[in-house]
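A short write-up of the structure that comes next.
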Amino acid sequence: RRLVERAHGFSMFGLHADACSRGTLPDDRLPLCLRRAVGKAIVFARDDFFARRTREWLWSRDVADVPRPRTLIRRGEPICTVFAEAATPKECYSALVARASRIYAEVATWP
């Protein structure tokens with residue numbers, strides 16, 4: 001749901017409510033699907049660690065599912081979710097990889 005809302009700029013709940021009350025979906029939303037690539041990736045821990053300065057991530061539109069500071073995250077568990085938008089799927093994938101790399105780099109600096 002969140003990815004669709006990010007990609008198309010409308011509320012899925014609102015569309016659902018309108019569809020239930022009116023019995024139709026808006027036709028003008030469909031062309032938005034062709035404008036850009038939007039993606040998300042889950043960043044998984046490579047090692048065990050305690051989350052540290054994650055509050056800063058809350059200000060980013062491109063990071064979600066942020067762990068609370070001092071949360072123990074074990075190897076293989078999710079750290080957070082990252083989002084990206086680009087003109088093409090390849091560029092979107094590259095942006096996701098770059099965002100995940102920044103998360104890994106920051107986590108590596110935590111004691």
Side-chain angles (χ1 to χ4, degrees):
R1 170 185 69 88
R2 190 170 186 174
L3 191 60
V4 172
E5 290 176 351
R6 175 182 286 262
H8 305 299
F10 56 82
S11 166
M12 290 300 292
F13 180 78
L15 287 179
H16 175 77
D18 287 346
C20 290
S21 65
R22 298 181 197 163
T24 61
L25 290 173
D27 293 333
D28 64 331
R29 304 290 182 174
L30 297 177
L32 292 173
C33 299
L34 305 175
R35 290 190 185 165
R36 66 187 182 278
V38 179
K40 74 176 186 177
I42 300 171
V43 181
F44 290 94
R46 294 174 173 163
D47 296 299
D48 296 353
F49 66 91
F50 283 95
R52 296 286 186 248
R53 297 176 302 276
T54 57
R55 284 191 181 108
E56 298 167 11
W57 298 354
L58 294 172
W59 296 101
S60 174
R61 182 177 185 268
D62 298 323
V63 181
D65 306 318
V66 175
R68 296 172 74 163
R70 296 186 293 278
T71 299
L72 174 61
I73 300 175
R74 298 205 179 269
R75 181 178 185 215
E77 292 181 344
I79 300 171
C80 64
T81 303
V82 293
F83 296 91
E85 298 179 36
T88 68
K90 185 176 180 179
E91 291 171 350
C92 184
Y93 177 79
S94 294
L96 288 170
V97 169
R99 290 197 173 108
S101 294
R102 284 195 295 275
I103 296 293
Y104 285 129
E106 184 171 345
V107 166
T109 68
W110 296 344

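If you're wondering where the values come from, they're calculated on a predicted model, not measured in any experiment.
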When rounded to the nearest 0.5 angstrom, what distance separates CD in Glu106 from CD in Glu56?
-> 6.0 Å
Any chance you could measure Ile73, atom CD1, to Asp47, atom CG, to the nearest 0.5 Å?
-> 12.0 Å
Taking all non-hydrogen atoms of both residues, which atom of Phe83 and which atom of Leu96 are closest, and how far apart?
-> C-CD2, 3.8 Å
Steps toward side-chain contact (heavy atoms from CB on, under 4.5 Å) verdict (Val66, Thr54) | CA-CA 7 Å; Val66 175; Thr54 57; 3.6 Å; yes
Consider only side-chain heavy atoms of I, L, V, M, F, W and Y, link residues closer than 4.5 Å, and tell whether Leu58 and Val82 are in one cluster.
-> yes
Backbone N or O of Phe44 within a donor-acceptor pair of the Tyr104 side chain at under 3.5 Å?
-> yes
NZ/NE/NH1/NH2 to OD/OE distance under 4.0 Å, Glu85 and Arg61 | yes
Answer yes or no: is there a donor N or O on one side and an acceptor on the other, between the side chain of Arg74 and the main chain of Asp48, under 3.5 Å?
-> no
Verify side-chain contact (heavy atoms from CB on, under 4.5 Å) between Val43 and Arg102, making sure each step is shown before the conclusion.
-> CA-CA 10 Å; Val43 181; Arg102 284 195 295 275; over 6 Å; no
If you take all heavy atoms of Ala84 and Cys92, which pair is closest and at what distance?
-> O-SG, 3.5 Å
For the atom pair CH2 (Trp57) and CD1 (Ile103), what is the distance rounded to the nearest 0.5 Å?
-> 4.0 Å
CD1-CD distance between Ile42 and Glu77, expressed to the nearest 0.5 angstrom | 12.5 Å
So, Arg99 and Ser94: side-chain donor and acceptor under 3.5 Å apart, yes or no?
-> no
For Arg52 against Pro69, the heavy-atom pair lying closest together | O-CB, 3.3 Å
For side-chain contact (heavy atoms from CB on, under 4.5 Å), just list the numbers for Val107 and Phe49, CA-CA rounded to whole Å, side-chain angles, deciding distance to a tenth of an Å, and then say yes or no.
-> CA-CA 8 Å; Val107 166; Phe49 66 91; 3.7 Å; yes
If you count the non-hydrogen atoms of other residues, nucleotides and ligands that lie under 6.0 Å from CZ in Arg53, is the total more than 12?
-> yes
At what distance, to the nearest 0.5 angstrom, does CD1 of Ile79 lie from CG of Asp65?
-> 12.0 Å
